[in-house]
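Scroll down for the structure; my scribbles are underneath it.
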Amino acid sequence: MLTNHAQNAPGKLHHLCLAIILKDTGEFIGWCSLDHLDTSKPDPALFYLLKANYWGQGLATEAARALLHYAFGPMNLTSLHGGAAPENIASKRVMEKIGMQYLGTDDEGGYSFSITREAYDTNTSEQLN
Ligand SMILES: CC(C)(COP(=O)(O)OP(=O)(O)OC[C@H]1O[C@@H](n2cnc3c(N)ncnc32)[C@H](O)[C@@H]1OP(=O)(O)O)[C@@H](O)C(=O)NCCC(=O)NCCS
């Protein structure tokens, strides 16, 4: 992970994997990621995963929002995509909540999402007003 991270630079995301740590206890409860190892894709993908006993508290949404902030802030990326398996309604819902645009289903019936920096900036300024 550190080797991958060393290849990241503003405007050029290779792979970033971050731990999700519960602030109250310091417990490691999951991870979230921006990934562009598959360079046939036009832009990096966003991923997240949490220990099951921490689901349903808004924590993945908090982590995903932080990833967007980092991606479109310090990393200066122009767009991201995300996907969820057909049965993974929670992941689909997280992408909706963070303001990603629903593109439809992919070849396997999974849900496809994307977001541009312009849309992120617009969403963020609307939330501030
Ligand atoms: C997907 C995952 C990260 C979500 O984590 P989480 O912390 O529970 O997510 P949040 O609490 O931030 O948000 C989940 C949302 O989905 C909703 N949801 C969950 N299960 C649902 C279901 N079966 N039907 C409808 N909505 C559902 C929740 O109500 C919540 O929406 P709300 O805030 O509008 O009520 C977690 O389920 C997970 O780790 N799954 C396994 C790994 C995985 O699938 N990762 C995604 C790959 S991109």
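Atoms within each ligand, like the ligands themselves, are counted from 1 in listed order.
Of all protein heavy atoms, the one closest to atom 31 (O) of ligand 1 is Arg93 CG, 3.2 Å. Looking only at protein heavy atoms, the nearest one to atom 43 (C) of ligand 1 is Asn88 ND2, 3.6 Å. The nearest protein atom to atom 19 (C) of ligand 1, hydrogens excluded, is given as Ala90 CB, 3.5 Å; this is a heavy-atom distance. In this structure, atom 8 (O) of ligand 1 lies nearest to the protein heavy atom Gly56 N, 2.7 Å. At the top of the distance list for atom 2 (C) of ligand 1, counting protein heavy atoms only, stands Ala60 CB, 4.3 Å. Atom 25 (C) of ligand 1 has its closest protein heavy atom at Ile89 CG2, 3.3 Å.
Contact of the Met75 side chain with the Asn8 side chain is registered, since non-hydrogen atoms from C-beta on lie closer than 4.5 Å.
Using 4.0 Å as the threshold, Lys97 has a heavy atom nearer than that to some atom of ligand 1. Contact analysis puts Gly83 in contact with ligand 1, with a non-hydrogen atom separation below 4.0 angstrom.
Residue Thr116 holds its OG1 atom at 6.5 Å from CZ of Phe72, rounded to the nearest 0.5 Å. Here Asp35 contributes atom CG and Lys41 contributes atom NZ; the two are 10.5 Å apart, rounded to the nearest 0.5 Å. Taken from OG in Ser112 to CG in Leu103, the straight-line distance is 6.0 Å, to the nearest 0.5 Å. Taking CD1 of Ile115 as the start and CG of Leu46 as the end, the distance is 9.5 Å to the nearest 0.5 Å.
Residue Leu49 approaches ligand 1 through these ligand atoms, each under 4.0 Å from one of its heavy atoms: 39 (O), 42 (C). Per-residue contacts place Gly58 under 4.0 angstrom from the following atoms of ligand 1 (heavy atoms of the residue considered): 10 (P), 11 (O), 12 (O). Close approach of ligand 1 to Ser91 is summarised as follows: ligand atoms under 4.0 Å from at least one heavy atom of the residue are 1 (C), 46 (C), 48 (S). Atoms of ligand 1 found under 4.0 Å from any heavy atom of Thr61 (numbered from 1 in listed order, with element): 10 (P), 12 (O), 13 (O).
For atom 28 (C) of ligand 1, the protein comes within 4.0 Å by no heavy atom at all. Using a 4.0 Å threshold on non-hydrogen atoms, atom 12 (O) of ligand 1 counts as touching the protein. Remark: atom 5 (O) of ligand 1 lies closer than 4.0 Å to at least one protein heavy atom.
Checked by atom type and distance alone, the side chain of Asn4 never pairs as donor or acceptor with a backbone atom of His15 at under 3.5 Å. Between the Ser33 side chain and the Leu16 main chain, a donor and an acceptor come within less than 3.5 Å of each other.
Counting heavy atoms only, Tyr48 comes closest to atom 46 (C) of ligand 1 of the residues Tyr48, Trp31, Phe47. Residue nearest to atom 38 (C) of ligand 1, selected from Phe113, Tyr54, Tyr111, Trp55: Trp55 (by heavy-atom distance).
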Counting only pairs under 3.5 Å, give me each side-chain donor-acceptor contact of residues 84-100, with atom names and distances, residues two or more places apart or in other chains.
from, atom 1, to, atom 2, distance (Å)
Asn88, OD1, Ser91, N, 3.1
Ser91, OG, Tyr48, OH, 3.1
Lys92, NZ, Glu96, OE2, 3.1
Arg93, NH1, Glu96, OE1, 3.1
Lys97, NZ, Thr61, OG1, 3.1

Practice prompt. Decide side-chain contact (heavy atoms from CB on, under 4.5 Å) for His14 and His5; before the verdict, give the C-alpha distance in whole Å, the side-chain angles of both, and the deciding distance to 0.1 Å.
Written response: CA-CA 7 Å; His14 175 63; His5 184 47; over 6 Å; no
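Contact annotation: for Leu50 versus ligand 1, heavy atoms closer than 4.0 Å belong to both the backbone and the side chain.
Scanning both residues, Glu118 and Thr78, for their nearest heavy atoms gives OE1-O, 4.5 Å.
There is no path of hydrophobic side-chain contacts, each under 4.5 Å, that joins Phe47 to Leu50.
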